[in-house]
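Take a look at the structure set out below.
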Amino acid sequence: MKRKQRYIRILCMIFVLSLLLSACSKPPAPAERDTDEPSTVAESNSGSNSTTEEQPQDIAADADAASEPNITLSFRNIFSEGIAWAGYYDSNDNTGNRHFGWLHPDGSIDHPFPIDRVSNCGSEFSDGYSYVTTGDGFIRHATNIPDSFIILDKTGAITAESPDDGSSYEILCGGNGVYLVKQSIRSMTESDDRYGLITADGDWLYECAICEPDGPHPLSPSGISCYAPEDVQFSYLGENIFLAKYDTLYPQFVFYNCTTNQTYRLTSDNQIYGNFSMGHIPVKIDGTLCVLSTEFELQPIAVDTSELVIYSDGIIFTSNDDWGSDGCVTEGKFYRLDGSVLANLSEYELRYRDAFELYRFVGGYAAIIIHGADNNYYLAILDKSGAFTFDPIKIDLAFNYDYIGTFSSGLISCVIDGQLAFVDTNGNITYPSGLDKDYTDSYVFHDGFALDVLNPCFLREDGTVLEVYLKE
């Protein structure tokens, strides 16, 4: 017991001694500032010289911090009609949530639409409208919350929205102010998919209904006993024409013109090329190339060969489909819809492998690649007179590397002398800095901007980055 008390006294003495030592080592309190001493903090009198030389450095540091971008793009759609949907993070937002807005050509992002109704990016704009569909978890039984859609005009106003009846609704495709809607009903007694057509103003052209074989629905197949949901694919072909492709034992294409309320079916083994343009689309029926009008009038067209067919902007490109080891085709020609030849390129070997997005007119021009007699490759652009707009430019093509892009908005990306380059319709060449040539095919321009696949940003036509900011 005495030994325990002795230990307690020793511990108490050590504690008191430590307190005395800490008090002795404490630095003296600073003397009170003399009010006559010049201050190192800026005074209210901006005309005085009371600031020290460190102040400009602090101001510069603050300016640098203020100039740092606080918006990071995380998801981007292409520009369409002057607007790109963008998902982004704001470093000034402590929640860390992703936001969605409209990005404009000046780099500003705004939110003129009801923010609480938008949980992801919407579709590209078409005729002044964009639609937003929320999720697909309902039809996958991942959630009990039905999917829904809204249609927005360019002011951000909601012009149409899905019914609130407990079903799931999503827009599958559309354009020109008309959209194909899928209604999914899931319950203990029902599991149906129904399809309808709605305008951008919210008028139902056709109420949602099942596409039963030989049924009244304008997109129903004919002569098919049954089909599985995964056997049908819907698409919008432009100029108010919708298509239902039934990939069954007996394939069938069902066209529907929502303006004239006409349905047209192709029931044999046929092919369709591109979308409707200039009132027509090429189709191959039993090996014969024809053009189908929006009134569903079918007219054969005489071409030298139709093994390979590409169509856009009212111009048809045809060639043989016998690729050599160099990936080239021959007998290439551009035709007008009346069958007359726009440009005869049969004197050239044309590179098609790695360049299958070319040979189609966009905005009055088409890009092609010529395999020269010197075994080099040359980029050329034609106008609608069938003439080259500049002397073909020698470019680099490498096996297994996509060194050629898609021609769009008057520009095409390619590789010249080992450098990534942008070429316009006049043959002017821009060499952007800091871009990887191995991703040349990814730089596709829309409305003057291209997505940078390696960085979360948009590029201008001169290769510079579009700086983004939140609009006040």
Side-chain angles (χ1 to χ4, degrees), residues 124 126-127 172-180 195 197 205 211 218-222 232-247 250-319 321 332-343 352 356-368 382 384 386 406-408:
E124 299 171 23
S126 172
D127 288 338
L172 299 181
C173 57
N176 303 109
V178 183
Y179 304 91
L180 179 64
Y195 304 91
L197 292 161
L205 299 181
C211 289
L219 290 171
S220 288
S222 176
V232 59
Q233 298 177 356
F234 296 95
S235 58
Y236 180 66
L237 298 181
E239 301 188 355
N240 297 307
I241 308 294
F242 289 87
L243 173 70
K245 179 182 178 182
Y246 293 88
D247 190 13
Y250 301 100
Q252 187 169 140
F253 298 96
V254 182
F255 300 83
Y256 176 63
N257 186 326
C258 62
T259 300
T260 63
N261 197 28
Q262 289 178 283
T263 295
Y264 181 80
R265 296 176 177 88
L266 292 175
T267 56
S268 59
D269 187 12
N270 306 304
Q271 290 179 277
I272 301 172
Y273 302 99
N275 292 330
F276 274 89
S277 175
M278 309 290 289
H280 295 81
I281 190 172
V283 297
K284 188 181 290 184
I285 300 177
D286 298 328
T288 299
L289 187 65
C290 305
V291 290
L292 180 67
S293 72
T294 54
E295 290 79 23
F296 302 137
E297 297 174 352
L298 199 62
Q299 180 68 39
I301 180 172
V303 296
D304 291 343
T305 180
S306 60
E307 296 177 20
L308 176 65
V309 179
I310 299 174
Y311 177 70
S312 65
D313 208 13
I315 304 296
I316 304 171
F317 173 81
T318 68
S319 75
D321 198 14
K333 290 184 179 181
F334 284 98
Y335 292 88
R336 302 179 182 89
L337 288 170
D338 61 4
S340 61
V341 176
L342 174 72
Y352 184 70
F356 52 84
E357 291 294 340
L358 306 187
Y359 305 98
R360 65 196 73 221
F361 274 82
V362 180
Y365 299 90
I368 67 171
L382 290 79
K384 278 204 167 181
T406 300
F407 178 75
S408 182

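Note that these values count all heavy atoms, side chains included, but never hydrogens, waters or copies made by symmetry. Note that the structure is predicted; figures quoted are calculated from it, not measured.
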Rounded to the nearest 0.5 Å, how far apart are [atom1] of [X] and [atom2] of [Y]?
X      : Y      : atom1 : atom2 : answer
Thr263 : Asn261 : OG1   : CG    : 7.0 Å
Ser319 : Tyr359 : OG    : OH    : 8.5 Å
Asn240 : Thr260 : CG    : OG1   : 9.0 Å

Set of residues satisfying side-chain contact (heavy atoms from CB on, under 4.5 Å) with respect to [X], sequence neighbours excluded:
X      : result
Ala367 : Leu358, Leu379, Ile381, Phe407, Ile412
Thr294 : Glu239, Ile241, Asn257, Phe276
Asp338 : Arg336, Ser340
Asp127 : Asn176

Considering non-hydrogen atoms only, spot the tightest contact between [X] and [Y] and give its length.
X      : Y      : result
Val178 : Cys258 : CG1-SG, 3.9 Å
Gln262 : Glu295 : NE2-O, 3.8 Å
Ala343 : Leu382 : CB-CD2, 3.7 Å
Gly175 : Ser126 : CA-OG, 3.7 Å

Any side-chain heavy-atom pair from [X] and [Y] closer than 4.5 angstrom?
X      : Y      : value
Val309 : Ile316 : yes
Thr318 : Leu308 : no
Val232 : Lys245 : no
Leu219 : Leu180 : yes
Leu243 : Ile272 : yes
Cys211 : Tyr246 : yes

Go through the structure and list residues passing ring-ring contact (aromatic ring centres under 6.0 Å, His included) with [X], not counting sequence neighbours.
X      : value
Tyr335 : none
Tyr250 : none
Tyr256 : none
Phe255 : none

Test item: Arg360 side-chain N/O and Asp313 main-chain N/O as donor-acceptor pair under 3.5 Å: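 Checked: no pair found.
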
Flag, side chain of Ser277 to backbone of Gly314, donor-acceptor distance under 3.5 Å: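 Answer holds: yes.
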
The single option from Phe253, Phe242, Tyr195 passing ring pair (Phe, Tyr, Trp, His ring centres under 6.0 Å) against Phe234: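 When ring pair (Phe, Tyr, Trp, His ring centres under 6.0 Å) is applied between Phe234 and each of Phe253, Phe242, Tyr195, only Tyr195 qualifies.
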
Ring centroid separation Phe334 to Phe361 under 6.0 Å: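 Between Phe361 and Phe334, which both carry aromatic rings, the centre distance is below 6.0 Å.
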
Pairs where residues 279-313 contributes a residue and the test ring pair (Phe, Tyr, Trp, His ring centres under 6.0 Å) is met, not counting sequence neighbours: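 As it turns out, the ring pair (Phe, Tyr, Trp, His ring centres under 6.0 Å) pairs with a partner in residues 279-313, which skip direct neighbours, are Tyr264-Phe296.
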
Atom pairs and distances, donor-acceptor, side-chain atoms in residues 281-292, under 3.5 Å, two or more places apart:
{"residue": "Lys284", "atom": "NZ", "partner": "Tyr273", "partner atom": "OH", "Å": "3.4"}
{"residue": "Lys284", "atom": "NZ", "partner": "Ser306", "partner atom": "O", "Å": "2.4"}

Sequence-distant partners of Asp247, salt bridge (Lys or Arg N to Asp or Glu O under 4.0 Å), two or more places apart: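 Asp247 satisfies salt bridge (Lys or Arg N to Asp or Glu O under 4.0 Å) with no other residue.
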
Salt bridge (Lys or Arg N to Asp or Glu O under 4.0 Å) contacts touching residues 300-312 (sequence neighbours left out):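 Pairs touching residues 300-312 that pass the test: Asp304-Lys333.
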
